[in-house]
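A note on names: the letters A, B, ... follow the listed sequences, proteins ahead of strands, and every chain is numbered from 1.
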Amino acid sequence: MMAVTGDETETGTSGDLTACQLQNTGSSLPQGGAETSTQEFVKSANPSQKREHRLMKNREAARECRRKKKEYVKCLENRVAVLENQNKTLIEELRSLKDIYRHKVE
DNA sequence: TCGCCCCGGCGTCAGAGGTC
DNA sequence: GACCTCTGACGCCGGGGCGA
């Protein structure tokens with residue numbers, strides 16, 4: 001499902017910090033190119049049909065937009081969890097290194 | 001049980017930004 | 001400039017939790 005696995009703790013600190021980007025998934029129709037049936041419909045439709053069509057497209061776009069946003073937030077939450085784990089591990093490592101250093105100095 | 005509040009999802013509108 | 005997609009903002013609705 002998501003790219004963030006949640007079990008990267010010590011390595012790969014900079015690896016996928018660019019994850020969780022909101023991006024176009026390519027699910028929308030291409031805007032250029034050959035004439036689509038949609039475009040043909042829009043050309044021949046009356047104003048109220050055009051409005052219905054526009055509302056329907058926007059309805060679907062809003063649904064998709066919300067789905068992507070939820071996915072993005074979930075991805076961010078996963079990253080937070082991963083980074084918190086990394087942070088804990090690093091703090092622990094630092095503590096033990098300090099300990100070792102102190103024993104050597106004494 | 002009822003009224004209230006909160007939350008999540010939905011549809012719609014408006015506006016920004018891209019493409020032709 | 002016309003048309004398109006995407007997304008923030010707004011209001012509405014249904015469901016669940018909670019106190020009276």
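A heavy-atom distance below 4.5 Å is found between the side chains of A/Arg51 and A/Arg54.
A straight line from NE2 of A/His53 to C1' of C/dC3 spans 12 Å, rounded to a whole angstrom. Atom P of nucleotide C/dT7 and atom OH of A/Tyr72 are separated by 12 Å, given to the nearest angstrom. Here B/dA14 presents its P atom at 9 Å from CZ of A/Arg54, a figure rounded to the nearest Å.
Of the side-chain N and O atoms in A/Lys50, none sit less than 4.0 angstrom from OP1 or OP2 of C/dC3. Contact annotation: A/Lys57 side-chain N/O to C/dC6 OP1/OP2 distance is not under 4.0 Å.
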Pairs under 3.5 angstrom, nitrogen or oxygen only, protein versus nucleotides 9-12 of chain B, please.
{"residue": "B/dG9", "atom": "OP1", "partner": "A/Lys70", "partner atom": "NZ", "Å": "3.0"}
{"residue": "B/dG11", "atom": "OP1", "partner": "A/Arg63", "partner atom": "NH2", "Å": "3.3"}
{"residue": "B/dG11", "atom": "OP2", "partner": "A/Arg63", "partner atom": "NE", "Å": "3.4"}
{"residue": "B/dG11", "atom": "OP2", "partner": "A/Arg63", "partner atom": "NH2", "Å": "3.3"}
{"residue": "B/dG11", "atom": "N7", "partner": "A/Arg66", "partner atom": "NH1", "Å": "3.1"}
{"residue": "B/dG11", "atom": "N7", "partner": "A/Arg66", "partner atom": "NH2", "Å": "3.1"}
{"residue": "B/dG11", "atom": "O6", "partner": "A/Arg66", "partner atom": "NH2", "Å": "2.3"}
{"residue": "B/dT12", "atom": "OP2", "partner": "A/Arg59", "partner atom": "NH1", "Å": "2.4"}

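Under a 4.0 Å N-O distance rule, the pair A/Glu60/A/Arg63 does not qualify as a salt bridge.
Among residues two or more places apart in sequence or in another chain, the side chain to side chain contact (heavy atoms under 4.5 Å, CB included) test is passed with A/Arg66 by A/Ala62. Scored by the side-chain hydrogen bond (donor to acceptor under 3.5 Å, both in side chains) test, A/Ser96 finds no partners at all (sequence neighbours excluded). Every residue two or more places apart in sequence or in another chain that forms a salt bridge (charged side-chain N to carboxylate O under 4.0 Å, His left out) with A/Glu92 is listed here: A/Arg95.
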Hey, can you pull the donor-acceptor pairs under 3.5 Å for the side chains in residues 99-106 of chain A, sequence neighbours left out?
{"residue": "A/Asp99", "atom": "OD1", "partner": "A/Arg102", "partner atom": "NH1", "Å": "3.0"}
{"residue": "A/His103", "atom": "ND1", "partner": "A/Asp99", "partner atom": "O", "Å": "3.0"}

